[in-house]
Structures are given as C-alpha cells and as structure tokens.
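Below, read A as the first sequence line, B as the second, and so on, with proteins coming before strands; counting in each chain starts at 1.
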Amino acid sequence: MPEQKQVRVRFAPSPTGSFHIGNARTALFNYLFARHEDGTFVLRIEDTDAERSSGEFEAEILAGLTWLGLHWDEGPDSGGPYAPYRQSERRTSYEEYARRLLAKGQAYFCYCTEEELEAQKQDLASRGESPRYSGRCRNLTEAERAKFQREGRSAVLRFQVPEREVSFKDLIRGKISFDMALVGDFSIAKVALNRPTALQSGGQATRATESLEFSPLYNFSVVVDDFEMRISHVIRGEDHISNTPKQLLLQEALGFSCPEYAHLPLILGPDRSKLSSRHGATSLKAYREDGFLAGAMLNILAFLGWNPGGTREMLSLEELIKEFSLARVHKAGAVFNANRLEWLNAQYLRALAPEALLECAVPFLVSAGLLQPADGGYRIVKTGEQMSDSYLQAVLRLEQGRMKKLSEIAALTEFFFVDVPDYDANLLPWKGRGKEDTREALEAVGAVIEAVPAEDFTVGRLSEGLLAVAAERGDRGIVLWPLRVALTGREASPDPIEIAAILGKDKTAKRLQAAITKLRD
RNA sequence: GGCCCCAUCGUCUAGAGGCCCAGGACACGAGCUUUUCAAGCUCGGUACAUGGGUUCGAAUCCCAUUGGGGCCGCCA
C-alpha cells in the first residue's frame with residue numbers, strides 16, 4: 001500500500017478589509033475538508049501589501065473564525081512547524097527563491113513605468129490581441145539596466161512565461177487548460193534598490209554597498225508558502241482559476257511539487273455578480289452584530305454551492321464534517337439568500353436554552369439602551385429597577401419564537417423596560433366597541449387581578465379568572481385586546497396573560513389603572 | 001475585447017440514462033387555528049435556457065447557439 005499523502009490545507013486571507021462572508025465560506029470548506037480527511041487546517045495571513053494590510057483586519061479574521069468554531073491547527077498566533085504564518089515575516093524565504101529564478105534566467109527586472117505599461121496594453125488591445133505585458137525588458141543589457149537605475153526608476157521582477165499550454169485537473173471542474181502565450185510575463189516581486197551610502201559619499205556608490213530589497217507579490221508568495229508549508233490541496237474561490245497556471249509554472253521553475261486544486265463557485269449577489277458591498281452587508285462581523293447565530297451562518301454558508309444530498313436542511317458542524325466532500329461541490333455560483341438565512345437563524349434562536357438565550361440577547365438590550373449592567377446583574381435604564389436573570393429569561397422566552405435575529409429583541413421587549421407604556425387611548429377599544437364597554441371590561445379584569453394573590457400570579461390562575469370574564473361578554477377580544485394594549489401599548493404582542501404573569505401583580509395593576517384612567521378622559 | 005468557467009422553480013437545491021408530465025426548503029398566495037402578532041397545519045402557482053445529435057429511452061451523455069459570471073494590477 002502506498003502511503004497516503006497527508007492532507008494539509010490552508011485558508012489564506014489578506015487582511016485588507018473586513019472579513020467577507022465569501023472568504024468565510026472558503027475557510028469553512030477548507031476546514032470541513034481538512035477535518036473530514038483527518039488533515040491539518042492552516043491559517044496563513046497574506047499581508048504582503050503593507051499599504052493595505054492592517055492588524056485590525058487580521059484580528060477580525062481570527063475572531064470571525066473562532067466565532068464560527070473553525071479552529072486552525074497552525075497559524076500566526078498559535079505557530080506551528082512551518083512558522084511564521086504571516087507573509088510579512090517570511091521575506092528571506094521569498095528573496096532566496098527570487099534570486100534562484102534570477103540566476104536561472106527565468107526572471108528579469110522590468111523598469112517600465114505605469115504609463116508605458118498602459119500604452120503597451122492599449123496598443124495590443126487596439127489590435128484585438130490579448131492585453132499582456134510586451135516583454136520589453138526581457139533582454140535588457142547591463143548598460144540599459146544601469147541607465148534605468150540611475151534614472152531612479154523603480155523595478156519589478158517579472159517571471160518569463162514560456163509560450164505553451166498549461167493545464168491542471170481541478171478537483172471540482174476537471175481539466176482546465178490555458179495557452180500561456182496569451183498571458184505574458186507577470187510580476188512576482190517589487191524590487192527596491194538600497195544605496196545607503198551612494199549620495200552621502202559624493203556619488204561614489206559601489207556595488208558592495210548596494211542591496212536589493214524584494215517585496216513578493218501574490219502569485220509568487222503563494223507558491224513559495226504553499227510549498228514550504230507542505231500544502232496538499234489548495235481550495236479557494238473560482239476567481240483564482242486564472243492565477244493557477246501562473247502558479248503552476250512558478251512551481252515548475254522552482255522545482256516544487258504541485259498541490260491539488262479545487263476552485264469553489266462564487267457567492268453571488270441578487271444580480272448574479274460576485275457578492276460585494278454594493279449588495280449590502282458582506283462582512284461576517286456585520287451579520288454577527290445584527291444578531292445572527294454562528295450555527296445559522298455555518299449552515300447558510302455550507303449550503304452555498306454544496307449540500308449533503310437528500311432533503312436535510314440543518315446540520316451541525318460535526319455533521320457537516322462527516323458529510324463533506326469536494327465531489328459534491330457545485331460548479332455554478334450561488335446567490336446569497338438572505339431570507340433563508342433569517343429563517344435558519346429563527347430556527348437556531350428557538351432552539352436556544354434559556355441561559356444561552358439570555359447570554360446572547362442581553363448585549364442587544366444593553367446596546368439599545370434598555371438595560372445596563374449593575375451589581376453583577378442588570379438594571380432597567382428608565383426605572384432603575386434591578387432585574388433578576390430569571391425575570392429576564394422569562395421576558396426573552398416570550399419573544400424567542402418571534403424574532404429572526406437578535407437585533408430585533410429590543411423593539412420586541414421594550415414594553416417590559418418602561419414604567420408604564422405610552423399609547424393613544426383610542427387603541428384600547430376592541431373592534432367596534434366603545435370606551436365605556438372597554439373601561440367596564442378592564443375594570444372587571446382589575447377585579448380578577450385583585451383576587452389573584454401576588455405569590456401565585458401565574459398564567460394558570462390568571463387564565464381561569466380572565467377567561468371567565470371574557471366568556472361572560474361573549475368575545476375574548478373585548479377583554480384581551482384592551483388588556484394587551486394596557487400592558488404593552490401596542491397592537492401586536494404575545495399573549496397578554498403571559499405578559500401579565502411575567503410583569504407580576506403590582507405592575508399589571510398599575511398599567512391597568514393607567515388604561516382605565518385614559519378611558520375616562 | 002482576449003482567455004477561462006458555468007447553466008433545474010424568484011432564490012438555495014434533490015436528481016449520476018428509465019424510480020421525474022421533476023422532489024425538498026426559503027420566499028410568495030389562499031385557507032384553517034385565533035384576543036393581536038408570530039408560530040403551526042393544509043392547499044396552491046412557478047423550473048430542466050434553445051437547437052441539434054447519441055439511445056428503445058435524456059434534466060441526466062456529446063456538439064452548437066444563447067445567456068450569465070470570473071480574470072486580465074508594481075491588489076490578493
């Protein structure tokens with residue numbers, strides 16, 4: 001039996017913006033594949049672009065992955081056998097390989113300016129040809145090079161692309177081939193020339209004092225790192241398909257083994273173009289802050305371009321790992337379905353235990369200005385009243401099945417966090433009933449409330465009396481509707497009896513009295 | 001424009017030549033339940049892009065067309 005190659009995959013985001021859900025999906029698929037194959041999941045930060053990369057975005061990526069439960073085996077924080085895992089810390093490696101390519105004549109310095117490059121491309125395009133680099137600096141003489149350097153032109157290292165076909169077998173799409181004659185020499189590193197003593201010593205610069213500083217560019221750093229980190233499978237977005245032949249060529253030139261490739265379908269916006277900020281929220285963080293649960297995010301993401309077959313709809317991370325296979329990944333892009341996410345989230349929200357619901361919902365009540373932390377618990381901002389966890393849990397449980405996301409909880413429960421709700425007296429009467437009837441009904445309700453002891457102010461006891469009062473009047477609405485309004489100040493709410501039971505005798509009586517007073521005016 | 005990729009309900013999808021005049025879910029519509037709102041239950045409409053092949057038989061295989069998308073940076 002030949003030894004099975006160990007599976008090592010990487011998720012390699014660049015921290016140049018908020019952690020995008022498309023990237024989160026790529027991370028998920030890498031993670032699922034790694035775990036399913038008993039392999040290793042590596043997190044590598046591609047921050048070669050110092051201008052645009054930031055530690056803040058990197059932190060956001062780590063936080064996002066952690067939130068989703070996608071734990072990496074090797075990464076910038078935890079280290080690993082192939083550390084460091086941040087490209088900005090791996091410069092010596094890139095430089096070594098860049099010099100190797102230079103020595104073999106497979107890379108060269110290009111001094112073309114942006115304008116020149118643009119002109120070359122325009123020229124090719126006008127002739128209907130593929131817009132690629134012309135190869136103008138391929139055969140520069142030493143003298144020409146020196147001249148450009150003296151002019152202070154900045155240089156870039158280009159890879160000399162052989163004019164032939166390159167193909168690879170994509171694990172999702174099958175064979176894909178490219179005619180590299182149409183591609184042109186692509187850049188692999190920016191090169192800065194350091195001449196620390198040149199100007200100071202009266203122009204007497206010598207070669208010995210000069211040094212070249214290479215900053216690697218994407219296609220090059222990826223190839224070097226995937227090789228050095230022993231990556232076996234590269235699973236990434238479809239937008240990288242055209243980078244693959246370039247990377248293959250680089251691997252060949254450097255004598256590296258090639259990983260397997262799998263290109264994932266893109267996540268699309270409603271207009272079927274690549275999901276981007278113009279389609280709305282795209283950062284994982286934004287969804288988290290809007291009150292979506294990790295389980296719901298995991299499911300919506302997993303089912304975008306993949307499914308376990310059959311009619312199963314919601315899977316845990318463990319089940320996803322068990323079921324995952326690249327063979328079941330689609331080729332076509334998938335439109336992000338926000339409605340479905342909300343439905344999924346509602347399902348997960350309902351499944352939450354009271355303690356868990358409390359834990360994740362309270363921050364939303366706090367940020368809405370309804371509650372504030374106090375004495376190890378929470379206090380109602382408007383009334384100053386201290387709230388017990390069990391009271392809060394009861395409040396939350398009441399609305400648990402009514403919200404699609406946690407950010408809705410404040411608006412839904414607001415009436416619990418005021419002294420007496422504010423509303424128009426005209427809201428109190430039930431369909432076609434007058435104020436008199438309504439007041440009479442509420443007074444009857446008041447009598448029931450009065451009769452139920454505070455210690456036993458339960459839904460059971462309340463229903464008994466209240467429903468009897470309603471039955472006498474032949475229509476539950478005439479009693480329950482004004483009671484709802486008195487208690488909540490609104491026309492849509494959970495069962496007023498349940499609300500009363502949570503509020504307790506005193507508050508219920510107070511709100512009822514306020515309603516009766518309103519009806520007298 | 002060049003190259004590459006893709007194609008089942010509005011959307012996510014099941015479907016690996018007969019089980020499919022195409023199934024599930026979200027959304028939508030109607031009804032039931034009902035004190036309101038949700039939820040729940042029942043029912044409903046809507047899809048194999050088109051045209052050619054291959055085959056006894058095609059949503060499934062092949063080709064073309066059409067349509068959509070991605071990439072063409074000294075970004076990743």
Atom [atom1] of [X] and atom [atom2] of [N]: how far apart are they, to the nearest Å?
{"X": "A/Asp271", "N": "B/G70", "atom1": "CG", "atom2": "C1'", "value": "14 Å"}
{"X": "A/His263", "N": "B/C71", "atom1": "NE2", "atom2": "P", "value": "12 Å"}
{"X": "A/Glu498", "N": "B/A38", "atom1": "CD", "atom2": "P", "value": "17 Å"}
{"X": "A/Gln122", "N": "B/C72", "atom1": "CD", "atom2": "C1'", "value": "13 Å"}
{"X": "A/Leu275", "N": "B/C12", "atom1": "CG", "atom2": "P", "value": "13 Å"}
{"X": "A/Glu238", "N": "B/C5", "atom1": "CD", "atom2": "P", "value": "10 Å"}
{"X": "A/Arg312", "N": "B/C26", "atom1": "CZ", "atom2": "P", "value": "17 Å"}
{"X": "A/Trp481", "N": "B/U36", "atom1": "CH2", "atom2": "P", "value": "9 Å"}

Of all the choices, [options], which nucleotide is nearest to the side chain of [X] once you look at every atom?
{"X": "A/Pro131", "options": "B/C72, B/A76, B/C74", "result": "B/C72"}
{"X": "A/Phe178", "options": "B/U35, B/C4, B/U11", "result": "B/C4"}
{"X": "A/Arg328", "options": "B/A14, B/U13, B/C74", "result": "B/A14"}
{"X": "A/Lys190", "options": "B/C75, B/G24, B/C5", "result": "B/C75"}
{"X": "A/Leu266", "options": "B/C37, B/A76, B/G70", "result": "B/G70"}
{"X": "A/Arg402", "options": "B/C74, B/A76, B/A38", "result": "B/A38"}
{"X": "A/Lys121", "options": "B/C5, B/G73, B/C12", "result": "B/G73"}
{"X": "A/Asn307", "options": "B/U13, B/C6, B/A76", "result": "B/U13"}
{"X": "A/Leu304", "options": "B/A76, B/A14, B/C12", "result": "B/C12"}

Taking atom [atom1] in both [N] and [M], compute the distance separating them and give it to the nearest angstrom.
{"N": "B/U50", "M": "B/U33", "atom1": "P", "value": "43 Å"}
{"N": "B/A16", "M": "B/G29", "atom1": "C1'", "value": "36 Å"}
{"N": "B/G10", "M": "B/C28", "atom1": "P", "value": "16 Å"}
{"N": "B/C56", "M": "B/U65", "atom1": "C1'", "value": "29 Å"}

**Item:** SB check A/Arg473 A/Asp437 (cutoff 4.0 Å)
**Value:** no
**Request:** Nearest-nucleotide wise, let me know which of A/Trp430 and A/Asn243 is further upstream toward the 5' end of RNA chain B.
**Result:** A/Trp430
NA contact type, [X], heavy-atom cut-off 4.0 Å: base, sugar-phosphate, or nothing?
{"X": "A/Thr16", "value": "nothing"}
{"X": "A/Phe303", "value": "sugar-phosphate"}
{"X": "A/Asn337", "value": "base"}

**Asked** In this structure, are over 12 heavy atoms from other groups packed under 6.0 Å from A/Asp271 atom CG?
**Response** yes
**Prompt:** More than 12 non-hydrogen atoms from neighbouring residues, nucleotides or ligands closer than 6.0 Å to CD on A/Glu491, yes or no?
**Reply:** no
**Request:** Could you go through the side-chain hydrogen bond (donor to acceptor under 3.5 Å, both in side chains) check for A/Ser221 and A/Glu46 one step at a time?
**Result:** CA-CA 8 Å; A/Ser221 56; A/Glu46 310 223 321; 5.2 Å; no
**Message:** Angle between ring planes, A/His263 versus A/Tyr261, binned at 30° and 60°: parallel, tilted or perpendicular?
**Reply:** parallel
**Asked** Should the pair A/Phe29 and A/Trp306 be assigned to parallel (<30°), tilted (30 to 60°) or perpendicular (>60°) ring geometry?
**Response** perpendicular
**Message:** Measuring to OP1 and OP2 of B/C12, would you say a side-chain N or O of A/Arg272 lies under 4.0 angstrom away?
**Reply:** yes
**Asked** Within the structure, does a side-chain N or O atom of A/Arg476 lie under 4.0 Å from either OP1 or OP2 of B/U35?
**Response** yes
**Verdict with supporting geometry, A/Asn30 and A/Arg10, side-chain hydrogen bond (donor to acceptor under 3.5 Å, both in side chains)** = CA-CA 7 Å; A/Asn30 271 283; A/Arg10 77 330 192 255; over 6 Å; no
In the strands shown, is [N] matched to any nucleotide by a Watson-Crick or G-U wobble pair with both distances under 3.5 Å, and which?
{"N": "B/G29", "answer": "B/C43"}
{"N": "B/G67", "answer": "B/C6"}
{"N": "B/C72", "answer": "B/G1"}

